[in-house]
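Structure record follows, encoded as structure tokens.
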There are 4 protein chains.
Amino acid sequence: MESTPATATLLVSCADQSGLVAAMAGFISESNGNIVDLEQHVDNSEEAFFMRIEWELDGFSIARDQIETSLEPLLTRFDMQWSLHFSDVRPQVALFVTRDNHCLYDILSRHQSGDLQMDVPVIISNHRTLEPVAQQFGINFHHIPVTADTKPEQEHIQIALLRENNIDTIVLARYMQILSDDFVRNFPNQIINIHHSFLPAFPGARPYHSAHKRGVKIIGATSHYVTSELDEGPIITQDIIRVTHRDTVSDFIRKGKDLEKIVLTRALWRHLQRRILVYKNCTVVFA
Amino acid sequence: MESTPATATLLVSCADQSGLVAAMAGFISESNGNIVDLEQHVDNSEEAFFMRIEWELDGFSIARDQIETSLEPLLTRFDMQWSLHFSDVRPQVALFVTRDNHCLYDILSRHQSGDLQMDVPVIISNHRTLEPVAQQFGINFHHIPVTADTKPEQEHIQIALLRENNIDTIVLARYMQILSDDFVRNFPNQIINIHHSFLPAFPGARPYHSAHKRGVKIIGATSHYVTSELDEGPIITQDIIRVTHRDTVSDFIRKGKDLEKIVLTRALWRHLQRRILVYKNCTVVFA
Amino acid sequence: MESTPATATLLVSCADQSGLVAAMAGFISESNGNIVDLEQHVDNSEEAFFMRIEWELDGFSIARDQIETSLEPLLTRFDMQWSLHFSDVRPQVALFVTRDNHCLYDILSRHQSGDLQMDVPVIISNHRTLEPVAQQFGINFHHIPVTADTKPEQEHIQIALLRENNIDTIVLARYMQILSDDFVRNFPNQIINIHHSFLPAFPGARPYHSAHKRGVKIIGATSHYVTSELDEGPIITQDIIRVTHRDTVSDFIRKGKDLEKIVLTRALWRHLQRRILVYKNCTVVFA
Amino acid sequence: MESTPATATLLVSCADQSGLVAAMAGFISESNGNIVDLEQHVDNSEEAFFMRIEWELDGFSIARDQIETSLEPLLTRFDMQWSLHFSDVRPQVALFVTRDNHCLYDILSRHQSGDLQMDVPVIISNHRTLEPVAQQFGINFHHIPVTADTKPEQEHIQIALLRENNIDTIVLARYMQILSDDFVRNFPNQIINIHHSFLPAFPGARPYHSAHKRGVKIIGATSHYVTSELDEGPIITQDIIRVTHRDTVSDFIRKGKDLEKIVLTRALWRHLQRRILVYKNCTVVFA
């Protein structure tokens, strides 16, 4: 993995216009960049354009720290929103957990085996339950209990800790606290949550109980970016599993764990690959 | 198919008690009945018992028209709700349609090839669009247009037609009218609808439009028995298909047709096999 | 549907080289073409490049019949294999069937409701069973019985009929005859078959019987382009459904019908959209 | 979990005969046993009968150690194969691993959170790679390297270790050695393997490489009991995930890990619940 040649990835979105692909591909081509992946999407109803373009840095005639400046005329001309990433700059990820271990183990074992290109400087929890798991993997664990009264000050401590560790991505790996608007505003499209239902069905608390009561034949899990509206953020990925009348709420919970961990880790993988663009509370998830 | 030996199927539900299976299996066994299938389910949280028991009529020492009387002491002793069916008495099914042809073709072609053991004496529609399809398959088509004003009287005509044809099962194969409470009360747990969403997400009108706006990554379809609460009846079966940001509402509709027809026909098949029990707005669907 | 503006679609494949996307996008852009979709794929292990590019003909400064000539320098420079299609030129599709009706009904009802942009000038069958279905939809039906002895001459009749009708796509909708190498060579990557197993498991005859004997827990269906190797052609799409120990071979067959029709029609839809490229007996299926 | 009342579970199979269910249910009922679950299956083509019956030990008038003796007349009369289990006697499970950590973590974290009712006295591996994981969870790790030459003697050491620990279930959690016939004969229907393909497709080594070369659109994983025929044992459960032309062999491997761990743990869960009967190289997996 480490020996893969470094690449730059540019994510852009703007109003749809003629000549966008040609202009962007031309820019890279003219500077001897070898495009390894280009995916674009036009949303006709919104007249919006989205593109992810990835090219090899080796042989590219523009120095890394000059790319932004060189791109500027193009970005301005098309009035683009954009972000630029380098494959050898590893995302810094914080994991928030409470008591359930399945999502945490899934992410950490995937990380251990090299499937997730990131660093995990810190695990934050409102309980001590999973501290031994953090220790197993040699990761700093911070116990920051939260009550209704202490939430504002505890979130300040959390945010300070995240800033200190240069965290750019927060994963709520079954973290059972609702983040304040203020917290969320600090990390727009940087907080990934897993909700244990097929959203928008069963938002909020105890979705398996509600699903069981309704007598559904399929349960789901949804990963999404966190916004100030609870369980209303842009959906990244979803998956489902079948249930029957024989399954109790406990069975829903047991079966659901498989979904939750897999759906969350998949979303994180795509996020780390810089494959997601957010637009009007929806996501463009490039393949 | 026709040469399969005739069987009797008894569906029962009651409060959970000791000795239920032994008593029911004993009853059949003592009269030389060969049980070909027995499935039971205990809902511990509701302390409720459900059973489907199917046995061969050939060799059974009780005459068909005496089975109810013979069972009565047992049914009374356990205070059971029950229904008794014979595999060689074909259900009489009415299909309600509007303009979309996919569910209608799916049911009729399945019927033509012998996969659905039923008769279809009548197709009812509020439009003439699908009349040629009914003619293709040689089935009586009744055009009964419905407006807000005419609904009560038109439903009377529908009900009269259904009674005349001894209809015991009504399939709403993309019928775009809401049935009145009065109509529904006439056919409890006998009306099967297909809703083009993963209920309880997106009930009501235009679910694909709502799903697209919400940016879901999976769409679904749900078959359920119709009750007086719109899209709130007992769910029989559900299925899903993946969508991406590339899919427009039209793509949702196109992809969804596959789901709708398959989910509806599967539900109908189970219903015809007498494999469904309704309990507290949920279904027990025997395998 | 009919009012969608006409587009041109170019499918190309060649050895991977620098500047490919920029050159192709530049060509269209310089002639005032508005790109509505561009998807490319690089197979690194094969060092191969694939692209599908679709642009609006309205406003494009090169006349339809001049596009090939204008493209030629580019196609030559990169040594590309290519094909050019226009969205308003409808594919001419022949359906081959035997006795099973489910795939035929699925394709014809989808066609009737406008989901498949094609013409179906002819249905060919080695039995008369489905002639009434062809009549229902007003399509010419040709009964061409085939035995081991008569196959060569009957295939000549078939090929003549296909040529006469300008057929460019053949769909084997559960056609239970093996086409000769000679026949297949006449229609490279133009014949779509549905095989009722999850290939490469259970190729050849009676796959459901073999799957049942093996005790699998999932059955599948596979659509693929036909090559001279039976059931070995490039796979287009696959899908699966769960089975249990309760399912008999008849249940496999009944459940499998849903898969077969859906998987075949999906493959046909993608083919008609010119979204498939074949490479080393595999397919690139653009989204 | 621990406070659930203890139950007895009887698994039986025999030739299909009249009166089987009545006799077995009657036996339990007459001794005041409360049946909490009964599932039966008749395989008509094989004329074989299978049943799982579970009843509460509390209130049952026959002492645990007398149940076998009391059942004997019935078992003899119907010529049954049978096994009897008690829910409060925990299965003793050995895990065999090599280098991949995902199945091991999945099982151990599920075990840690109480989802798998078993003890794991020992982990055996032919490499030291996963020793730290065993230590994390406080489980004895035995490094038993195996070469072609040393296999017979090393297997003797393994078997001795398993006997010593009263192991009744062996899980090959991505153990990359083939067990000898002799080893397998010691543990009939007690060794669960995960194979990383949709069997019977791609048995043997490097299935993801073969699947990629074939251009499949879906990959799978299969859990099965190990027999002397490699990858030919009775299938317990299978699952699949979609792939596209964009996925490399590495992507297949990464995606496949999710399948492998989930399919293996599901199979183990059913095995521990005594829900599986093996018959003619197939499984009956009760719901």
Checklist outcome for this item: Scanning both residues in full, the closest heavy-atom pair of A:S125 with A:F141 reads CB-CZ, 3.5 Å
Checklist entry - Within the side chain of D:T248, is there an N or O that forms a donor-acceptor pair under 3.5 Å with the backbone of D:D251? => result yes
Next on the checklist: Between A:Q112, A:R254, A:H102, A:Q135, who has the most heavy-atom pairs with chain D when the cutoff is under 4.5 Å?
Outcome noted: A:R254
Checklist entry - Side chain, backbone, both or neither: which part of A:D37 has a non-hydrogen atom closer than 4.5 Å to chain D? => result side chain
Next on the checklist: Check this for me: does any side-chain nitrogen of one of D:D106 and D:K261 sit under 4.0 Å from a carboxylate oxygen of the other?
Outcome noted: no
Next on the checklist: Which label fits A:H41 and A:F50: parallel for a plane angle under 30°, tilted from 30 to 60°, or perpendicular past 60°?
Outcome noted: parallel
Item to check | Region of D:L259 in contact with chain A, defined by heavy-atom distances below 4.5 Å | outcome: neither
Item to check | Pairing of D:D119 and D:R90 as salt bridge, 4.0 angstrom limit | outcome: yes
Item to check | Contact origin within A:R110 toward chain D - heavy atom pairs under 4.5 Å | outcome: side chain
Item to check | Pair D:D258 + D:K255: basic N to acidic O under 4.0 Å | outcome: no
Checklist outcome for this item: Honestly, the part of A:K257 sitting under 4.5 Å from a heavy atom of chain D is both
Checklist entry - For A:N101, is it the side chain, the backbone, both, or neither that has a heavy atom closer than 4.5 Å to a heavy atom of chain D? => result side chain
Checklist entry - Quick one: what part of A:R246 sits under 4.5 Å from any heavy atom of chain D, side chain, backbone, both or neither? => result side chain
